[in-house]
Amino acid sequence: MKLDAKIPSGPMAGKWEKRKFEGKLVNPSNKRKYNIIVVGSGLAGGGAAASLGELGYNVDCFCFQDSSRRAHSIAAQGGINAAKNYQNDGDSVYRLFYDTVKGGDFRSREANVHRLAEVSAAIIDQCVAMGVPFAREYGGTLANRSFGGAQVSRTFYARGQTGQQLLLGVYSALSRQIGAGQVRMHPRTEMLDLVVVDGHAKGIVTRDLITGKIESWAADAVVLATGGYGPVFYLSTNAVGNNVTAAYRAHKKGALFANPCYTQIHPTCIPLSGDHQSKLTLMSESLRNDGRIWVPKKQGDTRTPGDIPDAERDYYLERMYPSFGNLAPRDISSRAAKRACDEGRGVGPGRLGVYLDFRDALSRLGDDTIRQRYDNLFDMYERITGENAYNMPMRIYPAIHYTMGGLWVDYDLMSNVPGLYVLGEANFSDHGANRLGASALMQGLADGCFVIPYTIAEYLAGTAPGEVGTDHDEFKKSQNEVSDRIRALLSVNGKRSATSFHRELGLLMWEKCGMARNEAGLKSALEMIPALREEFWENVKVTGSGNDLNSELERAGRVADFLEFGELLVTDAITREESCGGHFREEYQTEEGEAMRDDENFSFVGAWEYTGETPILHKENLEFEEVHLAVRSYK
Amino acid sequence: MILTLRIWRQKHARDKGRFETYEMKGVSPDMSFLEMLDVLSDSLVDRGEDALTFDNDCREGICGMCSLTINGVPHGPDQGGTVCQLHMRRYKEGDTITIEPWRVSPFPVLKDLAVDRSAFDRIIQAGGYITTNAGSAVDANAILVPRADAETAMDAAACIGCGACAASCPNGSAMLFVAAKVSHLAHLPQGAPERAQRVLSMVSQMDQEGFGNCTNHSECEAVCPKEINVSHIAKINREFIRAAVKSIF
Amino acid sequence: MKQIAHWYLSSIGAKLVMAVTGVLLFGFVLGHMTGNLLMFAGPDAMNAYAHFLQEKGMLLLAVRAGLLAIFAVHIASAIRVHRQNRAARPEPYAVSSYLVTTYAARTIFVSGLIVLAFVIYHLLHYTLGVTNPEFLRMLDPQGRRDVYGMVITGFTNRAVALSYIVAMLLLSSHLSHGLTSLFQTLGLHGPKFKPLVNKVGPAVAIVIFIGFASIPLAVLSGRLN
């Protein structure tokens, strides 16, 4: 299969203009004849459903939560980047583009990233118009802050709830379209299959999570915006309901899955407290501005932190990265924490944690200043751990946070299956091997509100509306497959809950394919995952029936998909014999332990085709016309 | 810790429902409340019984999905937090904890502790938005918003739509939820053109959904996980008077 | 007109009506109390005041009719709001634990009903002379109606005096929530205002209680005779 990204020709800065001009259009009076399915209601999905509705298309939007306002975009804290240059500090579209390509460790597609930077300004305009209460200066203009090591202040924010405010903005726009009858919203409805007719995506099969009814929905195009696959690691900062099912079902129906091994690990999360743990909570990275990270110099030091004198503490980030110190990028500080714990110098229960100490900041700035800056975070920490960080250092540990990989899409955000579009975290395109802070919200809104409304017309213009109905054999076939699978899950009647399998898979993935990976570990994972999957289908216990609200059944179906997808992720990781961004292979590091990219052999997007047996790798070579390949250094 | 849990079990919307009592052993103080319920539910599955159904998703207090009334208080004893942020160190050996769903008519119980809150979505659909199509916006800094107004709008916009306000209200009123949205948009210049119509439509939808009337008990403010102030209810009342007067003249 | 009916039927409209009629009724309560306190100025002052009111004839009648109408609207709205509230919240929690609401707020409907019952009795007792027809025939030395004497005679009956005091207690409870609440309902409330407003209701309620209850207490203790 030849992967054609369909990048418009010409200079980088003109590509999107050119694409918009050359793309076919759908006549305004014809738009209502087209049905579009949008799965997911976060910034990308909700934004797409609302924007397509505004244009006059008929839209059906699906989400598994009880309301479209619950999508996990809501949990983003820090902010959203945009090249507005309101601060007059030298920001520009080009600089945002450049930072994002570099931050992605040169594994993203330049043209997509440039477009992202271009539309970033319009996103802020739109959000303000929708009533998002961004932080303001006294004069009434918008406030900015710097974020994630950027040298300019380009991040817009609404306290620590930027994701929530943006999502509620999108939710309100979507609500307007639902109220107007232009979008039909289907909450508590889970997509369980993609229906492909003659090679084109023509609909989906869903399960009504309240009645258990399996239903078919036909459309002229299908848009997936179903988020990332972080919970393949079981513990992550994601919502517990987040899953790979929709994307993975599309993959099984022919959509290529690109770069699944690119997973982002966030350095400042609250460590694990026990086997019962269901999720890891992120603490804003801003804490690293005033907190110092350290572990005891001695292995297995069980003294309370206050009893360890400075001479016996290792402020390892300050030692290893003197210029960035405690503000080293996410991947680098995460790995450093892991190394310290691997050396037996971890702290807290299970020894999987490092100290984030505010002692010096408290004595320098005083309790009041620290309280003003971080009080809500200190509160949150105390709520979860029962410890007061004003008196003793916080304990932190890295956790899975975001996944850069996703379904392969071309410049138009269409997958290799014609008519299937993939937006937001669910696609692979913009962040390369590592995502910069405050860029996820930007991408979600860009894809949903400012890209798909233009690019989908190209496909629709070449398609007669309503060609295929749900009476087509493919729908029946798909519905039967879905029903059979549900029956199969319910009839295993083994001894272990789906959660116990999920937990085991997660631990395996984290140990063999987490922050640092090596060939031996990955190979053993490739043996362990199929064995676990086999046991799942022989020994899982799903109580209840398929005809009502059954959270065990929902969970079991998602775990079954993770058990297949995990193998693909590991396969990708084993194939990528280099270290880049969130993918760190221990064999490929410099003498100082830094990641070593191999641009000569691995400057490609690895897109996997499902075959039922060994997946086939297709490569899309990445070319860098604008940003010159360089080694990221934070020394 | 060993705890006694009295949990509302209801097979489906039409089932009458009843309390079941479970003895819960080995509860760690580090567990979150929902993790404790996970453990209970898993043990039910092990015994071949129906798992416990309760809504939850983000488990960090922002999505608004979790919705349990614990010992008569929506979201439980900790102020300014959701159930998913509550940890078991709040309880002590031998405690009995009664867990119920939100109880207010417009939120019918679906199963066990999960309720249908689509009424809130319909209220927003009735007018909780600013009409602006993607692409039509002016430059963001062309609209100046005084900082104090932006802050007040943000206070109101912090609402996560969990429904605890209505669940806690002795009258089953959703006024704090509706007020938060109306107040958020009424404090911003962008919201001005639809200001009057918005409050009338949203209040009308709120009434149609069957919520009760606000008689100023302020229970909603006390349980709100985002600590939204009842002064926003005064604001929606002002907005209503203003809109009503305006539509006469 | 249709629009006005629509607002009235909405939940905020109903409460605005409650608040406005409540304020008017409170005005009456305040006036009534002030008049009653003339008891302490002696029989002449009291009877002169009563005579002054009764001379007004048609005007008095009109005021009374207006009051009755306001009262009726207040009660009708209360009943409707109360029924809607019960329908919205038919099932109580198995464990009931309120955090901030007051007893006065939760019982405002019941206290209202009891006050209503008292008002009916009170009218039959003193104003219409149904229970005690002899009251209407009592005259003072100037030939005016002897309201002063009537009150003394009425309250000498311990049961009557006690029931009057209890009713005033409930009226005060009703007002302590109602008076605070109406600021919120009329939108006259904000973070800066809140501490003050929250004290207004209870403070005024105490004044009203003392004002009314002082008379039967004074009669019972023999200070007024």
Side-chain angles (χ1 to χ4, degrees), chain A residues 51 54 65-67 69-70 72 74-75 84 86 122 124-126 128-131 133-142 158-159 161 164-165 168 171-173 175-176 178-179 187 210 239-241 273-274 276-279 281 383-384 386 449-450 453 497 499 541 543-544 548-549 551-552, chain B residues 12 28-31 34-35 38-39 42 45-46 48-51 53 55-60 62-65 81 85 87 89 110-111 114 117-118 120-121 124-126 128-135 137-141 143-147 150 153-154 157-158 161 184-185 188 190-191:
Chain A
S51 308
E54 286 162 10
Q65 296 95 338
D66 75 329
S67 162
R69 68 181 292 154
R70 315 262 187 237
H72 199 56
I74 205 162
K84 277 287 198 185
Y86 280 160
I124 300 302
D125 298 341
Q126 185 60 31
V128 167
M130 287 192 301
F134 282 123
R136 301 263 168 181
E137 303 293 352
Y138 283 107
T141 53
L142 288 156
R159 293 189 192 154
Q161 292 124 278
Q164 182 205 19
Q165 292 311 311
L168 294 182
Y171 165 71
S172 67
S175 294
R176 178 164 72 95
I178 296 169
I210 294 170
V240 293
S273 68
H276 52 262
Q277 193 127 2
S278 60
K279 95 155 253 158
T281 303
R383 230 182 251 271
I384 293 173
C449 298
F450 293 102
S497 68
T499 305
K541 179 163 201 143
T543 51
D548 68 347
L549 184 54
S551 46
E552 277 301 297
Chain B
H12 47 75
S28 150
D30 291 328
M31 281 178 171
L34 296 187
E35 283 163 356
D38 287 341
V39 173
D42 254 16
V45 172
D46 286 346
E49 292 174 38
D50 224 3
T53 302
D55 274 331
N56 68 98
D57 199 27
C58 78
R59 299 210 176 184
E60 55 181 277
I62 193 75
C63 79
M65 192 128 168
Q85 295 176 296
H87 279 67
R89 66 179 64 87
L110 295 168
K111 187 176 179 180
R117 284 169 287 191
S118 53
F120 271 13
D121 289 322
I124 299 294
Q125 285 155 22
Y129 49 74
I130 291 171
T131 297
T132 167
N133 285 356
V138 296
D139 184 86
N141 261 352
I143 304 165
L144 297 179
V145 183
R147 186 168 179 162
M154 181 61 214
H184 158 208
L185 297 176
L188 297 173
Q190 304 93 297

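In what follows, chains carry the letters A, B, and so on, assigned in the order in which the sequence lines appear, proteins first and then strands, with residues in each chain numbered from 1. Values below: all heavy atoms of this structure, side chains included; hydrogens, waters and symmetry mates excluded.
Of the atoms belonging to B:Asp30, heavy atoms from both backbone and side chain fall under 4.5 Å from chain A. A:His72 touches chain B through its side chain: at least one heavy atom from C-beta onward sits under 4.5 Å away, while N, CA, C and O do not. Interface residue B:Asn133: backbone and side-chain heavy atoms are both found under 4.5 Å from chain A. For a residue to count as touching a neighbouring chain, one of its non-hydrogen atoms must lie under 4.5 Å from one of that chain's; by this rule B:Asp42 touches chain A with the side chain only. Heavy atoms closer than 4.5 Å to chain B are found in the side chain of A:Phe450, but not in its backbone. Using a 4.5 Å cut-off between heavy atoms, B:Arg59 contacts chain A through both its backbone and its side chain. With a 4.5 Å cut-off on non-hydrogen atoms, A:Ile124 touches chain B through its backbone and its side chain both. Using a 4.5 Å cut-off between heavy atoms, B:Gln125 contacts chain A through both its backbone and its side chain. Contact of A:Ala122 with chain B is not made at all, since no heavy-atom distance falls under 4.5 Å. Using a 4.5 Å cut-off between heavy atoms, B:Ala158 touches chain A through backbone and side chain atoms alike. Heavy atoms of A:Gln65 lying under 4.5 Å from chain B belong to its backbone as well as its side chain. Using a 4.5 Å cut-off between heavy atoms, A:Thr499 contacts chain B through its side chain alone, with no backbone atom that close. Interface remark: A:Gln126 contributes backbone and side-chain atoms alike to the contact with chain B (heavy atom separation under 4.5 Å). Interface residue A:Leu168: only side-chain heavy atoms are found under 4.5 Å from chain B. Residue contact with chain A, scored on non-hydrogen atoms closer than 4.5 Å, involves the side chain of B:Leu188 exclusively. The part of A:Arg159 that comes within reach of chain B is its side chain, from C-beta onward, which places non-hydrogen atoms under 4.5 angstrom from that chain. Interface residue B:Thr132: backbone and side-chain heavy atoms are both found under 4.5 Å from chain A. A:Phe134 touches chain B through its backbone: at least one of N, CA, C or O sits under 4.5 Å from a heavy atom, while the side chain does not.
In this structure, B:Arg117 pairs ionically with A:Asp66, as a charged nitrogen and a carboxylate oxygen lie closer than 4.0 Å. Checked for salt-bridge contact, B:Asp121 and A:Arg69 miss the test: no charged N lies under 4.0 Å from a carboxylate O.
With hydrogens and angles left out, the side-chain atoms of A:Thr281 and B:Glu60 include no donor and acceptor closer than 3.5 Å.
Interface summary for chain B: among A:Cys449, A:Ala75, A:Pro187, the most heavy-atom pairs under 4.5 angstrom belong to A:Ala75. When each of B:Asp55, B:Asn141, B:Leu144 is scored by its heavy-atom pairs under 4.5 Å with chain A, the top score falls to B:Asn141. Chain A forms the most heavy-atom pairs under 4.5 Å with one residue out of B:Ala140, B:Cys58, B:Ala137, and that residue is B:Ala140. Taking chain A as the reference chain and counting heavy-atom pairs below 4.5 Å, the highest number among B:Asp46, B:Asp50, B:Thr53, B:Val45 is found for B:Val45. Contacts with chain A were tallied for B:Asp38, B:Ile130, B:Leu34, B:Val39; B:Ile130 has the most, counting heavy-atom pairs under 4.5 Å.
Of all the heavy atoms in A:Tyr171 and B:Phe120, the pair that sits closest is OH-O, 4.3 Å.
You'll find the side chain of A:Asp125 stays beyond 4.5 Å of the side chain of B:Val138, heavy atoms only.
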